[in-house]
Every structure is written in structure tokens, then in C-alpha cells.
Amino acid sequence: MDRERGPTSDDQRLWVGQMSHSLQFVCFQTIAFCSLILQVHWKNYYKNLLLLAYQSFGVVYGDLSTSPLYVYKSSFSGKMYKYQNEQTVFGLFSLIFWTLTLVPLLKYVVIVLSADDNGEGGTFALYSLLCRHAKLSLLPNQQAADEELSTYYRNGPRSVITSPLKRFLERHKKLRTCLLLIVLFGACMVIGDGVLTPAISVLSSISGLQVRAKELHDGEVVLVACLVLVGLFSLQHRGTQRVAFMFAPIVIIWLLCIGVIGLYNTIHWNPKIYHALSPLYIIKFFQQTGKDGWISLGGVLLSITGTEAMFADLGHFTQASIRVAFVGVIYPCLVLQYMGQAAFLSKNFNDISTSFYASIPQPVFWPVFVVSTLAAIVASQAVISATFSIVKQCLALGCFPRVKVVHTSRWIYGRIYIPEINWILMVLCLAVTIGFRDTTLIGNAYGIACMTVMFVTTWLIALVMVLVWQKNIIFSLLLLLFFGSIEAVYLSSSLMKVPQGGWAPLVLSFVFMVVMYVWHYGTRRKYLFDLQNKVSMKWILTLGPSLGIVRVPGIGLIYTELVTGVPAIFSHFITNLPAFHQVLVFVCVKSVPVPFVPPDERYLIGRIGPRAYRMYRCIVRYGYKDVQKDENFENLLALSIAKFIQMEAEEASSGSYDTSPEGRMAVIRTSDTTGTTLVMRDADQHAGESTMIRSSKSETLQSLQSLYEQESPSVSRRRRVRFELPETEYIDPQVKEELLALVEAKQAGVAYILGHSYIKARKTSSFMKKFVIDVAYSFLRKNCRGPAVALSIPHISLIEVGMIYYV
């Protein structure tokens with residue numbers, strides 16, 4: 001009988017071969033699937049990239065692309081009329097080419113755009129970035145919990161920086177104050193740009209009418225320009241999104257026009273102009289012109305005006321989209337235009353004052369004129385949008401009086417409109433246009449404003465390299481030396497033209513900077529007064545759980561700027577009134593130096609005193625780009641406190657909870673419904689049900705509230721809910737009692753207690769301090785938006801407590 005034989009070596013090889021083919025098939029299928037996913041991903045990425053690059057033309061590049069309208073005219077102003085020869089024109093073009101290459105292309109596109117603050121750009125974005133990596137902020141309301149925000153550091157928790165520069169800046173308060181003043185000055189120059197850009201762009205484009213309609217007077221040109229400016233500022237409330245889609249095609253057509261015209265003029269008038277790409281022509285230019293050539297740099301720098309908008313408007317787009325638009329279209333078209341205009345001027349010196357329009361071939365003059373006028377309007381839009389952004393950042397960081405901020409897009413982050421700033425810019429812009437009536441004078445002012453902003457940005461970038469990027473200080477000094485020296489030369493040339501219109505941005509910036517610093521100083525002094533006059537916890541504990549007064553049903557929200565302790569307004573209130581609410585919540589709405597705070601990390605909840613006191617603290621954190629308006633605030637607050645109560649009980653049972661009177665603050669994720677036994681239901685479902693919960697409001701007050709809600713659409717749109725605590729046997733009795741007290745208080749109603757403070761300087765203060773506090777700050781406080789309006793507090797539930805602060 002034969003024994004059964006096992007598999008032979010041939011069978012084993014066959015089996016291994018089949019498995020190998022199967023594995024290869026699976027691998028090929030996996031690779032094909034992954035490549036398909038990557039292909040779809042990259043296709044969507046490039047689609048979004050090109051879409052954002054397209055939109056950036058209408059918002060970011062309008063100003064930069066219209067510079068050819070007035071650069072050569074401004075450069076040949078003054079004594080430069082003596083040097084009307086081909087070599088001078090070639091030298092000017094070489095200066096313009098290398099200025100465009102070194103500043104917008106190398107500095108901004110390669111370096112500055114990389115220093116974004118979580119996608120946001122601008123002077124204050126750099127400052128907030130520095131404040132997070134070094135203790136440079138002058139307002140002492142920062143907490144360790146702020147550093148745990150996911151948007152606080154660029155690449156996760158930071159490593160310890162041992163930079164001597166960091167320690168030096170943190171140790172000297174005067175240096176930190178100086179840094180803030182420099183940042184404010186740069187921000188004010190951006191606002192100055194918002195005044196001067198529309199004036200010079202629109203007036204330059206409209207003045208082209210005089211090339212064909214020679215009988216047109218300067219006064220008529222100014223009148224037409226003023227009408228166009230009024231129409232431009234009237235469009236701003238439509239929002240950046242609609243303006244971008246409306247204006248982007250105009251800028252693209254404009255760039256193609258000037259690029260083609262520049263190429264035509266180069267070939268037609270003087271093809272040798274390409275030799276001027278060599279920097280040797282810059283040396284020859286200064287050898288021939290000397291001091292007059294140095295002064296003419298004030299006109300050359302106008303070729304890069306609008307460059308700062310690439311960084312200031314970064315929050316509307318992405319780094320890649322702005323880089324693609326500049327390198328792919330803006331840079332080559334501008335170089336071709338400046339080259340062609342120089343070729344034309346080298347053969348037509350008499351047309352210097354109208355060089356751009358005179359260089360346009362006659363058959364296409366009127367179409368190009370129409371496009372140039374529309375492009376000039378777009379140019380103004382870029383800087384107006386940047387001005388809105390910078391004012392919003394100043395406002396969030398406590399450096400600007402409260403103004404109305406309208407978010408014009410529900411879907412796109414950071415699109416804003418500020419009515420007060422818009423109309424102030426319009427009035428100032430009309431005043432500049434009517435007052436100067438000459439693009440050369442406006443150009444002198446414009447150059448100082450733009451170059452100052454760039455110079456400030458260079459210094460801040462140098463600090464970012466050391467404190468944020470943690471590079472060697474030698475690299476920072478090299479960057480500062482290279483770009484700072486270039487910009488210092490241009491700035492020194494511009495300052496020579498202060499008597500010829502250059503004083504305008506300096507005066508405007510001085511006024512705005514005084515407003516900003518006075519507001520910041522008054523806000524800081526008020527905060528320090530609150531900090532030094534906090535109510536002692538020992539005093540509160542001696543009052544007992546009832547606080548020595550009658551506790552009525554309801555929740556009392558006491559607004560304060562303090563992040564720790566009990567404000568003096570509380571003791572002032574309870575010593576003058578015999579009753580207070582059953583549940584007290586000290587609410588601090590605080591700006592954190594980050595662009596935005598994720599909603600799940602916004603609420604910090606803690607307890608003040610023992611459990612029986614029913615006193616809590618809530619810190620609501622916003623970034624400088626966040627919308628500080630939450631129509632569901634009351635419900636989220638109640639839900640967050642309930643979650644905190646149960647979280648605290650769980651940690652207490654494990655022995656890990658802080659039992660100090662102030663306790664600890666915990667981040668409560670509002671989107672996570674787990675962690676609390678409270679159930680939130682729509683109040684309409686229980687409209688017909690009777691309730692045994694008391695209310696602290698009389699029938700008259702309730703009827704007034706219903707009437708107020710009917711007349712206030714924003715209040716009537718709020719979601720009406722009620723909280724319920726289901727019966728469960730697994731909940732701690734003390735926790736259940738506290739949750740029931742919270743539910744009862746919420747159903748009884750919510751009152752908002754706000755301090756109506758009057759800040760006065762002490763009698764022993766200096767004259768300057770008395771003027772700043774009693775006159776300047778008091779004037780700004782009385783004429784800005786009230787805190788109740790800024791915080792969207794319903795008037796029917798508002799209680800204001802008057803207090804005088806002697807600082």
C-alpha cells in the first residue's frame with residue numbers, strides 16, 4: 001500500500017508563483033487607487049489655487065499694477081528736467097527694474113509672505129506673532145491657558161528660546177513701548193495709504209483725458225475724479241467678495257494691455273532698452289545726475305507702491321495664490337510696460353508729463369483709457385481692504401476705539417467693512433484730491449507712506465527671524481542690512497520732498513497714532529486700576545453663601561476685563577443694592593494675539609469660592625479676526641457651566657482637582673454634547689406647559705421684554721431653548737442640586753451687569769496725563785460705540801453700574 005506523498009517542490013513553486021502574481025495584482029491596484037486619489041487631490045488643489053490667484057488680482061494687485069500711470073512723470077520732476085537724454089532714461093528704467101526685483105519679488109514674495117500669522121498678514125499680524133513668542137505685550141491679561149490654544153504656536157508647542165535679544169526686550173518696558181509705537185506708526189501709514197492711493201490712482205487716470213481733450217481744465221479733471229471717488233467708497237458696503245469677482249477681470253485685461261503696449265513700444269521705438277536690465281546703468285545714472293538723481297528716487301519708489309497689500313491682504317487668500325499671480329502675470333507685465341515706456345521716452349522727451357498716455361498707439365487710446373480708469377478704481381480697492389483689515393486688528397488688540405465691523409461674507413473668513421472708517425477715508429481722500437490737484441505732489445506724499453510701511457515691516461521681519469523662526473541673529477542682521485539699507489535710501493529721498501506734499505502722510509499718521517496710543521494707554525490704565533483694586537476673596541468668604549444679601553432667581557452676568565479675581569464693581573453693586581442673582585458669572589471677553597480661536601477652545605470656565613456660593617468665571621477668548629458676536633451665548637454659557645460642574649465632580653472624586661478659592665480654569669468644548677446630563681430642548685415644544693420655576697421679572701417687565709423682542713429682529717431670531725435635568729440615579733446629590741439651581745436660574749432669566757466707568761486722572765497727576773485721560777481719552781470714549789453695543793447685549797436685560805476710576 002503506497003503512502004500519501006506531500007507536495008512536491010514543483011507544486012510549491014507553482015503555489016509561490018500564484019501568490020506572487022496575486023500580490024503584484026493587489027499592489028498594482030493599490031498604487032492605481034492611490035494615484036487616482038492623489039490626482040483628484042492635486043486637481044482640486046490647483047483649481048482652488050488658480051481661483052484664489054484670479055480673485056487676488058481684484059483685491060491685492062490693483063495698486064501695484066497702476067503704478068506705470070505716474071512713475072516716470074514723478075521721477076522726472078524738479079531738477080531732473082535738466083537730464084533729458086537717453087542715458088538718464090535707461091538709468092531710470094534699470095532702477096525701476098531692480099527695485100521691482102529686489103523688493104516685491106525677493107523680499108515680499110520669497111521672505112515676508114512666509115511670516116504669516118496662521119494665514120494672516122500685516123503689521124499687527126507680525127506684532128501679535130512676536131507677542132506670543134516673547135513677553136512684549138503691554139496689557140497684562142495673558143494666561144498660561146492661552147498658550148494651549150491650537151493656533152497659538154505655528155508648529156505645536158514651542159521650544160524654550162534662549163535668545164539674548166528676547167531677554168533684553170522683555171526686561172526693558174521702554175523698548176516694548178517703543179516697539180508698540182513703531183507698529184502703530186506703520187499701521188497709521190497703511191491708513192494713510194488708504195487716503196492717498198485712491199486720490200493718486202483716480203486723478204492720474206482721469207488726467208489722461210487732457211492728452212486728447214486739450215481744452216479740458218485741471219479743475220474739471222479734479223471734479224470728475226471726485227465723482228469717481230465718491231462712487232468707489234459708496235461701493236464698499238457690497239463686500240470684498242463681490243468686489244473681487246467684479247474687479248479681477250478688469251485688472252487682468254489692464255495687465256495684458258500694458259504688457260502688449262510695452263512690448264510694442266520696445267520694438268517700435270528703441271529695442272536697445274533691454275541693455276538697461278544691467279545694473280551698470282544705475283551706476284552711470286548716478287554718475288551723471290548726482291544729488292538730483294538721488295532725489296528722483298522718490299519717484300522711482302512709486303513703482304512698488306501697493307506691494308504691502310500682498311502681505312496685508314494675505315488673510316483673504318493664500319501664500320501660493322499670491323505668489324502665482326505675481327510671478328506669472330504681474331511681474332512680467334510690469335517689466336514690459338516700464339521697458340516700453342522708457343523706450344518711448346528715449347525718443348520723445350517732450351512727452352514726459354504724460355508719458356503713459358502719450359505712449360499708447362492712437363487707435364487703441366480710448367479703450368485703454370477706459371480700462372485704465374477702471375483699473376485705477378481697483379487700485380484703490382486693494383488699499384481700502386487693507387485699511388479695514390489693519391483697523392480691525394488694532395481694534396481687537398485694544399489700540400483703536402470701538403467701531404462697527406460688518407462681516408460681508410458668511411462663508412469667507414475675514415471679509416469686513418467698517419462704515420466709520422470708510423467715510424473718514426472718503427472725506428480725507430476728497431480733501432487731498434481737491435487740495436493738491438497734482439499727482440506729483442500726491443506722489444511725494446504717497447511715496448513716504450508706502451516706504452515707511454515697508455521699512456517697519458523689514459524691522460519686524462528681522463525680529464521674527466530671531467524670536468519666532470529661531471534663526472541665528474547674523475541672518476537677521478544681514479536681512480536688515482540688505483533690505484533696510486535699500487529702503488533707507490529711498491526713504492531719505494522721499495523725506496526731502498516733505499515741503500512739496502510729503503507732510504500729508506506724516507500729519508495723518510501722527511493724528512491716527514495719537515488716537516491709537518491714547519486709547520491703548522487709557523485702556524491699560526483702567527485695567528491696572530481694576531487689577532489693583534480687586535475684591536478680597538477673604539471678604540467674600542466672610543459674607544457667607546448668601547453674600548449678606550437676598551439672592552433672587554436668575555443668572556447675573558457681570559462683565560469685567562479681569563481674568564482673575566473679583567472686580568471692584570461687584571462690591572460697589574452689592575453695597576448699594578440689597579439683592580443679587582442666584583447664580584453669578586463673571587464674564588471676561590478677551591482678545592488673544594492670534595488670528596482666530598477655534599469655537600471648541602473659546603470658553604474657559606472656573607469656579608470662584610466654595611460650591612454653595614454659586615459663583616463662576618467664564619473667559620470668552622477671541623482672535624483679532626474673529627467675529628465677536630454669538631447669538632446663542634446664553635445657552636452655550638449655561639451648557640458650559642453644567643459641563644464644568646460635572647467635570648469638577650469627577651476630578652474631585654479622583655483627588656486631582658485644585659481646591660483653592662479661585663480653583664482652576666478648564667476649557668469647555670461647546671460642540672461636544674457629552675459630559676453633561678443636561679438636555680437642551682426648544683422652548684416652543686413646552687409653550688403650553690405650565691412651569692413652577694420662579695421669575696425675577698415682574699409682569700410689566702415681561703411684557704416690555706416681549707415687545708422689545710418683537711421690535712428687535714436680532715433678538716427674535718435667537719434660538720429659544722430650555723434645559724432639563726433627567727432623573728438618573730448615577731448622579732451625585734450635590735452635583736444634582738447645583739445643576740438644578742443652574743437650570744432654575746436659567747429659566748428665570750439672565751441679566752447683564754456692566755460697569756459704566758468714568759476715568760479721571762488723579763489730582764497729583766502731571767498736566768500731560770490729565771490732558772490725555774480727562775480730555776483725549778474721555779472724548780474718544782464718549783464718541784465711540786458703547787461696550788454694550790459692541791458685546792451685543794440686549795438693552796432690556798442690561799444693568800449699568802456707574803463708577804469713577806482715578807488712575
Side-chain angles (χ1 to χ4, degrees), residues 124 127-128 131-132 135-146 170 173-174 176-177 179-181 183-184 393-402 515-537 557-573 585-594 604 606 608 617-624 628 662 665 753-762 765 769-770 772-774 776-782 784-788 790-791 793 800-807:
F124 260 92
Y127 179 68
S128 67
C131 286
R132 298 205 303 271
K135 297 176 182 178
L136 303 179
S137 177
L138 295 177
L139 205 60
N141 66 344
Q142 303 302 310
Q143 297 172 280
D146 296 338
E170 290 178 345
K173 183 180 177 182
K174 289 184 179 179
R176 289 183 281 136
T177 304
L179 177 63
L180 176 64
L181 288 174
V183 171
L184 290 180
Q393 292 174 16
C394 295
L395 175 65
L397 297 176
C399 294
F400 203 86
R402 292 180 293 268
V515 170
M516 289 182 180
Y517 188 75
V518 165
W519 184 263
H520 184 269
Y521 178 77
T523 303
R524 186 160 52 92
R525 297 304 302 177
K526 180 177 178 293
Y527 181 86
L528 291 174
F529 179 90
D530 273 334
L531 198 62
Q532 295 164 3
N533 294 274
K534 291 189 296 186
V535 177
S536 168
M537 280 302 302
L557 303 182
I558 305 172
Y559 278 81
T560 174
E561 294 179 1
L562 294 179
V563 294
T564 59
V566 177
I569 182 180
F570 177 68
S571 62
H572 183 68
F573 192 97
V585 184
F586 293 90
V587 180
C588 173
V589 179
K590 166 185 166 183
S591 288
V592 187
V594 295
L604 270 174
I608 298 177
R617 183 185 308 284
C618 173
I619 298 176
V620 189
R621 301 177 293 183
Y622 290 99
Y624 56 77
Q628 294 193 17
E662 280 287 337
M665 306 294 292
I753 296 93
L754 199 63
H756 192 79
S757 56
Y758 295 90
I759 301 177
K760 300 286 185 183
R762 292 191 181 98
S765 302
K769 183 177 179 180
K770 288 181 179 179
V772 169
I773 296 295
D774 296 343
Y777 183 77
S778 178
F779 174 80
L780 292 175
R781 187 185 60 80
K782 290 176 182 177
C784 70
R785 301 187 90 206
L791 294 168
I793 295 175
E800 290 191 293
V801 183
M803 282 195 68
I804 298 178
Y805 287 54
Y806 288 100
V807 297

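Treat the numbers as computed from the prediction; the structure is a model and nothing was measured.
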Rounded to the nearest 0.5 Å, what separates atom CZ in R132 from atom OG in S128?
5.0 Å
Is it true that the NZ or CZ of R781 lies under 6.0 Å from the centre of Y758's six-membered ring and within 45 degrees of the ring axis?
yes
Could you tell me if the side chain of K590 sits less than 4.5 Å from the side chain of V620, heavy atoms only?
no
Mind listing the closest non-hydrogen atom pair of R621 and V592 along with its distance?
CB-CG2, 3.7 Å
Please report the interatomic distance CG(L181) to OG1(T177), rounded to the nearest 0.5 Å.
7.0 Å
When you measure from the centre of the six-membered ring of Y806, is the NZ or CZ of K760 under 6.0 Å away and within 45° of the axis?
no
Shortest non-hydrogen separation from A568 to V535 and the atoms involved
CA-CG2, 4.1 Å
State the CZ-CG distance between R402 and L395, to the nearest 0.5 angstrom.
9.0 Å
Please determine whether side chain to side chain contact (heavy atoms under 4.5 Å, CB included) holds for the pair I753 and Y559, giving the CA-CA distance in whole Å, both sets of side-chain angles, and the decisive distance to 0.1 Å.
CA-CA 6 Å; I753 296 93; Y559 278 81; over 6 Å; no
Side chain to side chain contact (heavy atoms under 4.5 Å, CB included) assessment of L562 paired with L531
CA-CA 7 Å; L562 294 179; L531 198 62; 3.9 Å; yes
Please tell me if the side chains of T560 and V587 come closer than 4.5 Å, counting only heavy atoms from C-beta onward.
no
Would the distance check show the side chain of E170 and the main-chain N or O of K135 forming a donor-acceptor pair, the cut-off being under 3.5 Å?
yes
For the student: nearest non-hydrogen atoms of L180 and C399, plus distance:
CD1-SG, 4.2 Å
Nearest 0.5 Å, what's the CH2-SG distance between W519 and C784?
3.5 Å
Which atoms form the tightest heavy-atom contact between I608 and R617, and what is the distance?
CD1-NH2, 3.3 Å
Close side-chain approach of Y624 and S591, heavy atoms under 4.5 Å
no
Heavy-atom side-chain proximity of Y521 to T523 below 4.5 angstrom
no
What one should report as the nearest heavy-atom pair of C588 and V563 is SG-CG1, 3.9 Å
Verify the distance criterion only: is there a donor paired with an acceptor across the side chains of D530 and Y805 at less than 3.5 Å?
yes
Atom CG of D774 and atom OG of S765: how far apart are they, to the nearest 0.5 Å?
8.0 Å
Looking only at heavy atoms, which two atoms of I773 and G522 are closest? And how far apart?
CD1-CA, 4.3 Å
Between F586 and F570, how do the two ring planes meet: parallel, tilted or perpendicular, split at 30° and 60°?
perpendicular
Looking at CZ of R524 and OH of Y517, how far apart are the two atoms once the value is rounded to the nearest 0.5 Å?
5.5 Å
Pairwise side-chain contact, V585 with I558, heavy-atom cut-off 4.5 Å (strictly under)
no
